[in-house]
K.L.:
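Got a structure here, written out as structure tokens. Questions coming.
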Amino acid sequence: MRASQLFFPTLREVPSEAEMVSHQLLLRGGFIRRVGAGIYDYLPLGYRVIKKIEQIVREEMDAQGAQELLMPMIIPAELYQETGRWQEDVLFRLKDRADREYALGFTHEEVITDIVRRDVRSYRELPLNLYQIQTKGRDEPRPRGGVVRGREFIMLDAYSFDRTFDEMDLAYEKMRVAFSRIIARCGLDAILVEAESGAIGGKENEEFMILAESGEDTVLRCADCGYAANVERCEIGHRNGEKPRLHEEHLRMVDTPGQRTIEEVTQFLGRKPEELVKTLIYTAGGEIIAALVRGNRDLNESKLARLIGAKRVEMADAETIERITGAEVGFTGPIGLNNVRIVADREIASMTNFVVGANKTDAHYLNANLDRDFKVDLWGDIRIASSGDPCPRCPGTLDSLRAIEIAHIFKLGTLYSEAMGAKFLDSDGCEKPFVMGCYGIGVSRMLAAIPEVYHDSDGMIWPISVAPFEVAILLLNPEDDQQCDAAARIYEELQMKGVDVLLDDRDERPGVKFKDADLIGIPIQVVCGKLASEGRVEVRLRSQKDKQAVALDTASSQVMFLREALFRELQEKADRFYIGRVLKV
RNA sequence: CGGGGCGUAGCGCAGUUUGGUCAGCGCGCUAGUUUUGGGAACUAGAGGUCGCGAGUUCAAAUCUCGCCGCCCCGACCA
């Protein structure tokens, strides 16, 4: 491709709409443009990267026996209604001229399950793994970071169907390998973490996380044993007898006029947040729950729901709280709270003489103590883990890291097949629901995650496997015949060998060409400049500062050598993953 | 949905407090000349319903009201 023919509008200044480095660079390099909030154009350079990522995805998915198909983007309401997901608020809904309802596909479990229930009858047709690479629509509450979280985005979604849970486990394992290899071939290092399943459902699931300070997610990891989990999910280890209980002082009610928040109460009473116990009123189905966590902790709603066996819990409204406690919001406490199940975080067991709300407006209790003043009905791990918390698997300590979620894999079991009546006839003559898994990679998110990790002050540095071009030839002075001839020769030789090469033949000054080549991050640069008069050109890797002068005759074979080395490095990275040995931190 | 910020030429911004002197600057773009190893110099140009709509006023980018859009933080979320 000749740069003079290529549409890549680069910007000298950082557009004000972008905060994340990758977002800034993708805009500046002419890879993407914003159309609306969370909606982007992929310009030629950006789309080249997307297509390369997709190709890697196809190769690795096919290698595990998955088959590509394509499902619709417009999904009739009835399909999502079958599983109750029509209620999901990320759905983009639309109506046709006859007022029939549809949604843009946001993930395709229902659609694929519908395909399989119609046309797969026998265990003989299993296992089956079907995937697509498609644009998804999700009405995200808050798009951010350019294509990191868009309302429209390109995703690989794969779905496995098996006879048994054991076979599903194997399908899941294969996808773990495929995903690990895809991510490695794209040049990234992921860590695999336990996660919440969210709107997809199912129990066991893991996310592939790319460590990055600018990431939206928080991961907690134990350096000793390797346990890692999304903060939404992360368990907290329990240490017995961490702190000796102190002498129990007399319970005392004190006036705390208008002091509602932890911050206000601690300030007013001159106590530390960790000397308080927060009492949070939740509703779960019809039941009211009082949940207790230490003052400086946050409650994890998923953990609470799981502990009490509810599908989900919701913070009670002010009216409910006043009815239950007899006090305004801000003065809730466990003492004298009747007809409410009291659930407490295990950490509270080691606390003595703590502060709680008095269930009386403008009052708190000092020196509250367990058992003496109130009883806990259920103990458990219900708070959000944070850096420094004990590891749940070993005596180690958890560390907190920021990350970008690039992929998520789920063991669904029979969640969807049962809800939708998708069954096959097994060898024993019994009808059974398919055992399913589903697997997603954010392809367009990868477009952002890669430069988020690989960049310097001059621009992006693409891994060769996904670079918009593998080699850039910088023809510094197109008026100079020797430089032109040198550039044309290398260009042709490389093209002949199937190399994806960009020839910068634009009528621009050298500085512009250097800056643009660096900005768009082409991994190998060939400079055809003054040295052409001596029959030499310079070769440079984008990732390194120094250039190497080489004879024109050997230039293209030099480039081929570097190219092979770069590809080999990525391939070796991917080859660390195979069935029986997958990524684990 | 809550909090904060922003909206003036393709991009980055000044001007808004205190209405008139206000359609400005830098980059980019067009033409010409010179230049050609890290975002060239000079000359001459093109480009704007100042987000939209009402209102106040002799007069509105500037004040008032309403609306829309975008970004960030939070809530929420594959």
K.L.:
For B:G37, does OP1 or OP2 lie under 4.0 Å from any side-chain N or O of A:K530?
P.N.:
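The answer is yes; a side-chain N or O of A:K530 sits under 4.0 Å from OP1 or OP2.
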K.L.:
Can you say whether a donor on the side chain of A:K547 sits under 3.5 Å from an acceptor on the base of B:G38, or the other way round?
P.N.:
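Pair found.
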K.L.:
With distance as the sole criterion, is a donor-acceptor pair present between the side chains of A:Q132 and A:D157 under 3.5 Å?
P.N.:
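Yes, side-chain donor-acceptor contact under 3.5 Å.
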K.L.:
Can you tell me how far P in B:U43 sits from the matching atom in B:G38, rounded to whole Å?
P.N.:
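These two P atoms come out 24 Å apart once rounded.
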K.L.:
Can you find a side chain N or O atom of A:R509 that sits less than 4.0 Å from OP1 or OP2 on B:A40?
P.N.:
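Answer is yes, contact under 4.0 Å.
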K.L.:
Taking the six-membered ring of A:Y172, is the NZ or CZ of A:K411 close enough (under 6.0 Å from the centre) and on axis enough (within 45°)?
P.N.:
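Yes, a cation-pi geometry holds between A:K411 and A:Y172.
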K.L.:
For atom P, what is the distance between B:G19 and B:A61, given to the nearest Å?
P.N.:
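It works out to 14 Å between them.
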K.L.:
Look at the side chain of A:D518 and the base of B:G38, then say whether one donor and one acceptor between them are separated by less than 3.5 Å.
P.N.:
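Check passes, donor-acceptor contact within cut-off.
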K.L.:
Show the numbers, then the answer: is there a side-chain contact (heavy atoms from CB on, under 4.5 Å) between A:Y282 and A:E301?
P.N.:
CA-CA 9 Å; A:Y282 275 86; A:E301 294 183 0; 3.0 Å; yes
K.L.:
Below 3.5 Å, does any donor atom in the side chain of A:E13 face an acceptor in the base of B:G28, or the other way round?
P.N.:
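Check fails, no donor-acceptor contact within cut-off.
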K.L.:
Tell me if the side-chain of A:R28 makes a donor-acceptor pair with the base of B:G28, cut-off 3.5 Å, by modelled atom types.
P.N.:
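Counting by modelled atom types and ignoring angles, no donor-acceptor contact under 3.5 Å is found here.
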K.L.:
Ignoring hydrogens and angles, are the base of B:C77 and the side chain of A:R149 linked by a donor-acceptor pair under 3.5 Å?
P.N.:
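Checked by distance alone, the answer is yes.
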